[in-house]
Amino acid sequence: MAIPMQELAVIVIVSVAALYLGAKYLPVTLRARLVLRLTKDGRQSALARWFDASAGGACGGGGCSSCGPKTAAPAPGKHRVIKLHQR
């Protein structure tokens, strides 16, 4: 039984999107563990280099400069607080 070309294209696109999502948004500790499992005999595969945890990424790794500088919270009393009441 052969897979039609359209279904094969969908499978490839969804697989690449899932890999990208994992490489970009997984926490650094999980990515480091994944890279350790993908590395064999001290050599990294292309997939291990793609998931490399030393690159930071998604502002969760600390190596990201696109998140902007950390700003201090505004002083209390200068903004209104919305109070939520449970019914």
K.L.:
Supply the atom-to-atom distance Leu34 CG to Thr39 OG1, rounded to the nearest 0.5 angstrom.
P.N.:
9.0 Å

K.L.:
Quick one: name the residues clustered hydrophobically with Val10, using the 4.5 Å side-chain heavy-atom rule over I, L, V, M, F, W, Y, and just say none if it's on its own.
P.N.:
Val14

K.L.:
Quick one: which of Ile11, Val12, Leu19 gives a side-chain contact (heavy atoms from CB on, under 4.5 Å) with Ser15?
P.N.:
Ile11

K.L.:
Members other than Leu84 in its cluster, when Ile, Leu, Val, Met, Phe, Trp, Tyr link by side-chain heavy atoms under 4.5 Å?
P.N.:
Ile82

K.L.:
Residues two or more places apart in sequence or in another chain: which of them pass side chain to side chain contact (heavy atoms under 4.5 Å, CB included) with Glu7?
P.N.:
Ile3, Pro4

K.L.:
Should side-chain heavy atoms under 4.5 Å link Ile, Leu, Val, Met, Phe, Trp and Tyr, which residues sit in the same cluster as Ile13?
P.N.:
none

K.L.:
Once side chain to side chain contact (heavy atoms under 4.5 Å, CB included) is applied, do any residues pair with Leu30, and if so which ones, sequence neighbours excluded?
P.N.:
Leu26, Pro27, Arg33

